[in-house]
Amino acid sequence: MFARAFRVRANTSIKGSDRRKLRSDVAAAFPSLSTEQVAELVPSKEELNVIKIYSHKGEAITVYMNHRNPILFEVEKVLYPTVYTLWVYPDLLPAFTTWPPVLQKLAGGADLMLPGVVVPPSGLPQVTRGTLCAVTLQGNREYGDKSSPPTLAPLGTDCAAVESAGDQEELQGKEPGSSCSPEPEQHVDIRDLSLRDRDTCAELLGQEELHENRAAEPAEDASTQDQQEAEDSRTPQEQMDALFNQCFFHALKCRVKKSDLPLLTSTFLGSHMVSCCPAGKQLDIKKSSYKKFSKFLQCMQHQRILQVKELSKGVESIVDVDWKHPDIKAFAVPEGFSSASAAQDSKSEEREQVYHAPEIIPLYGVSTKMIPLFQESGHRKGSILSSSEVRNIIINYVKSNELVDETNKNFVKVNAILCDCLLDKSEQDEISHLKWDELLSRCLERLQPLHQVTFSGQEPVVRKGNIEPIDISIAQRSSNKKVTIIKNLELYGLDPQCVANTLQQKVQASATISPAPGTKDRVQVQIQGNQIHHLAKMLLEEYQLPRKYIQGLDKAPKLGRKK
């Protein structure tokens, strides 16, 4: 679990000044430790290392190691003791006791709820919100199982165990409570007990174990209910995180093939992961802890499961997948899905995947020349505005500076700022008034063009310049043959390979993909013949792309008259 959940980034030795600071931090975080105990936990001369790791969510974690045993770890500037430290200092944190079956659920990510807490005779520890606490088992105060743990006596026993111990002691002529039942605040090491005391403790622990086994018998029958309660105890955010992880590994294991790469991240989410979502559930990245799908993929990239690159500006693609990764190999396909049917469905989904046209909004950035006109409204160089915001700012500027012409309100008087910002040098001595529409159009022309693209299920992406249209052209090949070439599909979230496959089946002609000339990371689709009629129907009707974003539809072949 440790190797699969984290990725080690650095391992260095802690020097003198850092050790002193660590001792100070430990003393402040755990005031119950004495000065000698702090010096023992953070020794001056023994081997002490610090390791930087990242969790599966991308969180930075600092782990302090003493002789290869982790003793402390730090997350978001908060120190936590490890189980090894709690073995040595079992009273370092307030502890809550629970049953072994409950601990299995806690290890799976469930929260410890009050019904799962065993109340000792001394009562529950007094804690406030945010206090660090430990969890122990009934009859066993040991934490962890990696190395040989010490034997720690339990904090207290339940009523049945006390009565049972009393009966045993009366038979042996002892007073109840004089054997191995320590006070709640006392801690007894079994190595310090006599042989007779050890035997008595063994009998007592044996009876406790029998009592727990009997209590566990009905619990086994209700194991399914316990599991359901543990699952329900997760927050909606944790449940959505788990659903994204399940669909992610399911899609990689059953839906995506090496030949599919590079694969647009939008296609991977909208087609492959969504098809792996169980019935009755829906993937919603905003309800997860990641908030953005790109951040989710970054976490998977940190674990070296896959590699994501921005093959074109603002458009990310999965370029590599480690199908031998332990997490992918260990993933079990949920009930109701089968690997065979999943592989078969993926072939048809390549042709019939659901595509949602992106929302494209033109935006404008305040350029250096236009700063004087926009600084009155609180904007500066680089401020991003929509066309309606630009219009309102200009209208307010004209009205606040009383620039509306008194005789004809369709005209605006050009003051010094408007003259510098909107007029060319040759026009500055000739133009004293501008119509409203010309004033606004000149203003938009002199702002920096930008555009915002929002793909389904993803956060908006702002790019510089105007978006390039899908470019369709006809090229002549040998023997007077023609081919149709389509470029810039990636900018609109379209997978060129899927478009080529769909076209090839529609028109029964050969389609290929090749690097687009003049670009670094884009590809173009080339299909035999003039296929603009079929391409126009697919882009305009099936994919619902606006005609203004498609260039070259006028090159469709003209239909001749039938004789």
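Below, each value reflects all heavy atoms present in this structure, side chains not excepted, and no hydrogens, waters or symmetry copies. Everything numeric here is computed off the predicted structure, so don't read it as measured data.
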Would you please say whether a donor-acceptor pair under 3.5 Å links the side chains of [X] and [Y]?
| X | Y | answer |
| --- | --- | --- |
| Asn415 | Tyr397 | yes |
| Ser367 | Lys381 | no |
| Thr267 | Asp495 | no |
| His451 | Asn466 | no |

Rounded to the nearest 0.5 Å, what separates atom [atom1] in [X] from atom [atom2] in [Y]?
| X | Y | atom1 | atom2 | answer |
| --- | --- | --- | --- | --- |
| Leu434 | Asn410 | CG | CG | 13.0 Å |
| Lys482 | Lys555 | NZ | NZ | 11.5 Å |
| Glu541 | Met538 | CD | CE | 11.5 Å |
| Cys299 | Asn245 | SG | CG | 9.0 Å |

- Message: Checking Lys21 now: which residues fulfil salt bridge (Lys or Arg N to Asp or Glu O under 4.0 Å) with it, not counting sequence neighbours?
- Response: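 Checked Lys21 against salt bridge (Lys or Arg N to Asp or Glu O under 4.0 Å); matches are Asp25.
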
Any idea which heavy atoms bring [X] and [Y] closest together, and the distance?
| X | Y | answer |
| --- | --- | --- |
| Asp320 | Leu261 | CA-CD1, 3.9 Å |
| Leu252 | Leu306 | CD1-CD2, 4.4 Å |
| Arg477 | Ala475 | NH1-CB, 3.4 Å |
| Glu389 | Ile384 | OE1-O, 4.2 Å |
| Gln307 | Lys309 | NE2-CE, 3.4 Å |
| Ser386 | Leu363 | CA-CD2, 4.0 Å |

- Item | Crowding at CD, Gln476 (>12 non-hydrogen neighbours, <6.0 Å) |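 Yes - once you tally the heavy atoms of other residues, nucleotides and ligands closer than 6.0 Å, there are more than 12.
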
Does a side-chain heavy-atom distance below 4.5 Å link [X] with [Y]?
| X | Y | answer |
| --- | --- | --- |
| Phe248 | Ile305 | yes |
| Leu553 | Ile550 | yes |
| Ile285 | Lys291 | no |
| Gln458 | Thr265 | yes |
| Pro496 | Glu490 | yes |
| Leu539 | Ile472 | yes |
| Leu243 | Cys277 | yes |

- Message: Run Tyr64 and Phe73 through side chain to side chain contact (heavy atoms under 4.5 Å, CB included) and show every step you take.
- Response: CA-CA 6 Å; Tyr64 298 95; Phe73 63 96; over 6 Å; no

- Message: According to ring pair (Phe, Tyr, Trp, His ring centres under 6.0 Å), who are the partners of Phe244, at least two apart in sequence or on a separate chain?
- Response: Phe296

- Task: Would you please name every residue forming a ring pair (Phe, Tyr, Trp, His ring centres under 6.0 Å) with Tyr364, sequence neighbours left out?
- Result: none

- Message: With salt bridge (charged side-chain N to carboxylate O under 4.0 Å, His left out) as the rule and sequence neighbours excluded, what pairs involving residues 506-518 come up?
- Response: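 Output for this query lists Lys506-Glu542.
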
- Note on the structure: Residue pairs meeting salt bridge (charged side-chain N to carboxylate O under 4.0 Å, His left out), one or both in residues 418-430, sequence neighbours left out, come to Asp424-Arg446, Glu427-Arg442

- Task: Kindly write out the residues that satisfy side chain to side chain donor-acceptor pair (under 3.5 Å) with Gln448, not counting sequence neighbours, or none if the list is empty.
- Result: none

- Any donor and acceptor pair, going by atom type alone, linking the side chain of Thr484 with main-chain N or O of Gln531 inside 3.5 Å? yes

- Main-chain N/O of Pro469 paired with Asn488 side-chain donor or acceptor, under 3.5 Å: yes

- Task: Using a strict 4.0 Å threshold on nitrogen-to-oxygen distance, state whether Glu468 and Arg463 make a salt bridge.
- Result: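 No, this pair does not count.
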
